[in-house]
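Have a look at the structure below, then the notes.
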Amino acid sequence: MGQYAAPLRDMRFVLHELLNVEAEIKQMPEHADLDADTINQVLEEASKFCSEVLFPLNQSGDQEGCKYEGDGVVTTPKGFKQAYRQYVEAGWPALGCDPEYGGQGLPKFVNNALYEMLNSANQAWTMYPGLSHGAYECLHAHGTPELQQAYLPKLVSGQWTGTMCLTEPHCGTDLGILRTKAEPNSDGSYSISGTKIFISSGEHDLAENIVHLVLARLPDAPHGTKGISLFIVPKFVPDANGNPGERNGVKCGSIENKMGIHGNATCVINLDNAKGWMVGEPNKGLNAMFVMMNAARLGVGMQSLGLTEVAYQNSLVYAKERLQMRSLTGPKAPEKAADPIIVHPDVRRMLLTQKAYAEGARAFSYWAALHIDKELSHEDQAVRKEAADLVALLTPILKAFLSDNAFEGTNLAMQVLGGHGYIAEWGMEQYVRDARINMIYEGTNTIQSLDLLGRKVLGDMGAKLKKFGKLVTDFVEAEGIKPEMQEFVNPLADIGDKVQKLTMEIGMKAMQNPDEVGAAAVPYLRTVGHLVFSYFWARMARIALDNEASGDLFYKSKLATARFYFAKLLPETASTIRAARAGSKTLMEVDEALF
């Protein structure tokens with residue numbers, strides 16, 4: 001079954017030494033009283049729940065899967081319902097929610113850290129409360145006061161769960177052609193009819209009600225994405241007392257038989273004159289839904305970090321115990337029949353790749369969560385705007401770069417275990433299967449790449465990218481003259497310069513031929529992803545160097561991993577830059593008959 005222990009030491013390092021969150025939140029009035037001890041205590045309690053309650057259900061939940069019982073009824077794997085009850089009773093759903101609706105009001109970065117641990121322990125289970133939190137965020141931002149009072153307290157407490165219903169059988173990413181209809185009723189509600197597919201957590205037995213957020217079209221809606229509205233459609237319509245009342249016309253028709261995340265019900269949802277209420281303004285549903293979609297994209301980043309971390313932990317344990325062959329430089333464990341495989345260079349490459357990607361993702365994603373807190377709560381409006389721009393720029397990288405790396409990392413973890421990694425008993429192949437969906441849902445990684453290059457970078461002439469570039473430049477100028485930082489600062493400065501030149505080159509080509517953006521987008525995102533990781537690894541190396549004399553192995557390990565990242569992983573950008581510059585000709589001038 002493997003094992004999982006939350007990486008609390010590294011989590012504290014990122015929060016308190018790298019990000020200095022206690023000082024940062026002093027500038028956020030609603031969080032100003034929070035201190036480091038409280039944050040650490042929350043993380044420690046969460047780690048116990050994740051390792052003791054959730055992790056033991058991960059493999060059994062995968063093997064058992066969800067079951068469609070007929071007539072819209074879905075049951076989750078054994079133990080899932082009891083674990084959810086414990087989760088709710090402990091107050092975890094309310095952690096990062098508004099106190100006005102029963103929340104605990106902690107910052108996003110604390111909730112973010114919780115979700116890293118939840119996803120390491122059990123990604124399929126975590127999707128139930130994860131999507132509920134996204135529904136909460138959407139309603140909190142765009143719901144009417146009446147809808148907020150009716151639904152937010154139940155979502156915050158965890159009594160009710162939420163979903164996001166976008167995809168239809170004939171359209172996935174292209175929501176402009178969706179067909180679900182919403183007819184107005186005399187009482188201010190709407191009758192909604194249509195079919196949605198691939199709805200994660202769409203039906204289950206964990207909670208007493210499920211709140212669906214559904215995209216649909218009004219009768220007079222314009223074509224395309226400008227004619228989409230958003231509606232809240234509960235499984236049970238709340239009665240006068242706010243409790244689940246009459247059964248609504250929304251029902252699960254079937255669940256998908258999937259490659260991974262078997263413990264989460266991926267549903268076909270049929271809406272037959274289901275009663276719903278509009279969220280936000282008519283024909284502006286995507287604006288409202290994007291709150292939930294962006295929350296989900298950040299959530300996918302945390303799923304990816306979680307899987308990278310737990311796969312690394314288990315492959316590391318195996319590499320230290322598994323005896324196979326002798327070291328090329330002579331026996332390292334002469335008293336044993338063979339050496340542990342961690343002595344072999346390529347095994348170390350695989351382990352350090354996982355470690356570098358996990359720790360880089362933790363630094364990046366926690367920083368992003370802190371900037372969401374700044375965007376929402378900082379007392380300085382200019383800081384709020386700056387944070388919002390950085391989060392908007394980097395959200396597609398959080399989703400795509402981290403999920404690409406997670407799939408590579410889990411595959412490497414399986415490779416470390418060799419044949420044992422390929423069989424179900426050891427649990428490693430499940431991480432590979434679970435990680436694969438993260439590259440697809442909530443907007444495929446190609447969509448994220450197009451969003452980054454086309455909308456976030458070229459769309460504003462590189463203004464947001466320059467803001468991140470300034471963070472890099474400031475760090476390079478501050479540290480570049482220090483001899484001990486040359487091995488980190490020089491490659492950071494180099495990739496920063498190359499990204500700037502690459503962006504200008506692609507922008508010039510795109511003015512002549514828009515296909516140049518589509519051809520360059522994926523390697524461009526990986527290039528910028530490495531720029532982001534280089535920045536955080538250089539900053540972490542600075543802290544490790546400052547503490548190297550302490551003799552603490554943690555800092556020595558951090559420094560060694562930073563050196564590995566710059567020597568072995570950053571050089572991928574030589575290939576991605578070349579691919580991005582290669583243009584669209586070899587793609588678009590190939591006749592379809594030649595495929």
Side-chain angles (χ1 to χ4, degrees), residues 1-6 46-69 73-90 92-93 114-133 158 161-163 198-207 210 252 254-267 299-300 302-311 313-314 406-407 410 413-414 417 421-438 440-441:
M1 185 179 73
Q3 60 189 47
Y4 171 66
S47 74
K48 295 175 186 176
F49 174 79
C50 291
S51 61
E52 296 171 9
V53 178
L54 274 193
F55 183 72
L57 299 174
N58 188 50
Q59 191 172 33
S60 61
D62 175 70
Q63 293 168 350
E64 181 183 343
C66 294
K67 291 183 175 61
Y68 181 71
E69 308 289 355
V73 176
V74 174
T75 56
T76 54
K78 183 179 179 181
F80 272 41
K81 189 173 183 177
Q82 292 77 7
Y84 186 74
R85 186 181 302 117
Q86 289 180 251
Y87 183 77
V88 169
E89 290 173 352
W92 293 115
L114 164 67
Y115 270 85
E116 178 198 333
M117 293 183 275
L118 292 172
N119 281 301
S120 279
N122 195 324
Q123 175 173 319
W125 183 94
T126 300
M127 291 171 69
Y128 296 104
L131 284 162
S132 302
H133 192 76
T161 62
T163 77
F198 302 159
I199 308 306
S200 300
S201 311
E203 183 58 60
H204 53 78
D205 56 357
L206 303 186
I210 301 174
C252 174
S254 64
I255 59 175
E256 304 293 351
N257 182 15
K258 311 185 297 291
M259 176 180 176
I261 54 170
H262 294 154
N264 192 269
T266 304
C267 302
V300 172
M302 301 319 296
Q303 290 176 333
S304 302
L305 166 56
L307 288 178
T308 305
E309 173 64 34
V310 70
Q313 287 188 21
N314 283 276
F407 189 60
T410 53
M414 187 170 75
L417 270 72
Y422 193 67
I423 61 175
E425 176 186 354
W426 291 77
M428 301 306 292
E429 54 84 34
Q430 180 189 344
Y431 296 135
V432 176
R433 289 186 287 105
D434 287 353
R436 190 61 185 85
I437 187 58
N438 296 344
I440 298 173
Y441 60 14

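Numbers here simply count residues along the sequence, with the first being 1. Side chains included, hydrogens not; waters and symmetry mates left out as well; all remaining heavy atoms used.
Taking each heavy atom of Pro93 and His133 in turn, the nearest pair found is O-ND1, 4.4 Å. Closest of all the heavy-atom pairs between Tyr84 and Ala207 is CE2-CB, 4.4 Å. Smallest separation of non-hydrogen atoms from Gly306 and Ser120: O-OG, 2.6 Å. A pairwise comparison of heavy atoms in Gly202 and Thr163 identifies CA-CG2, 3.9 Å as the closest pair.
Taking OH of Tyr128 as the reference point, atom CG of Asn122 lies at 9.5 Å (rounded to 0.5 Å). Here Glu256 contributes atom CD and Cys66 contributes atom SG; the two are 12.0 Å apart, rounded to the nearest 0.5 Å. Note that the CD atom of Glu69 and the OG1 atom of Thr75 stand 4.0 Å from one another [nearest 0.5 Å]. In this structure, His262 NE2 and Glu64 CD are separated by 12.5 Å, a value rounded to the nearest 0.5 Å. In this structure, the separation between CD on Gln123 and CZ on Arg433 is 11.5 Å, given to the nearest 0.5 Å. Rounding to the nearest 0.5 angstrom, the gap separating the SG atom in Cys50 from the CD atom in Glu116 is 9.5 Å.
Counting only heavy atoms from C-beta outward, the side chains of Asn438 and Phe407 never approach each other to under 4.5 Å. Looking at Met127 and Tyr441, their side chains come closer than 4.5 Å, going by heavy atoms from C-beta outward. No side-chain heavy atom of Ser201 sits under 4.5 Å from any side-chain heavy atom of Thr161. Proximity of Cys267 to Ser254: side-chain heavy atoms (C-beta onward) are nowhere separated by under 4.5 Å. Under the 4.5 Å side-chain criterion, counting only non-hydrogen atoms from C-beta, Thr126 is not in contact with Met302. The closest side-chain heavy-atom distance from Met428 to Tyr431 is below 4.5 Å. At a threshold of 4.5 Å between non-hydrogen side-chain atoms, the residues Leu305 and Asn119 do not count as touching. Side-chain contact check for Leu118 versus Phe49: some heavy-atom pair is nearer than 4.5 Å.
Between Tyr87 and Trp125, the angle of the ring planes goes over 60°, which puts this pair in the perpendicular group of the 30/60° scheme.
A donor atom on one side chain and an acceptor atom on the other are found under 3.5 Å apart for Gln313 and Glu309. Judged purely by distance below 3.5 Å, without hydrogens or angles, the side chains of Thr76 and Asp205 pair a donor atom with an acceptor atom.
The main-chain N or O of Ser60 is never found under 3.5 Å from a side-chain atom of Lys78 such that the two would form a donor-acceptor pair. The closest donor-acceptor contact from the side chain of Gln86 to the backbone of Val53 lies at 3.5 Å or more, if one exists at all.
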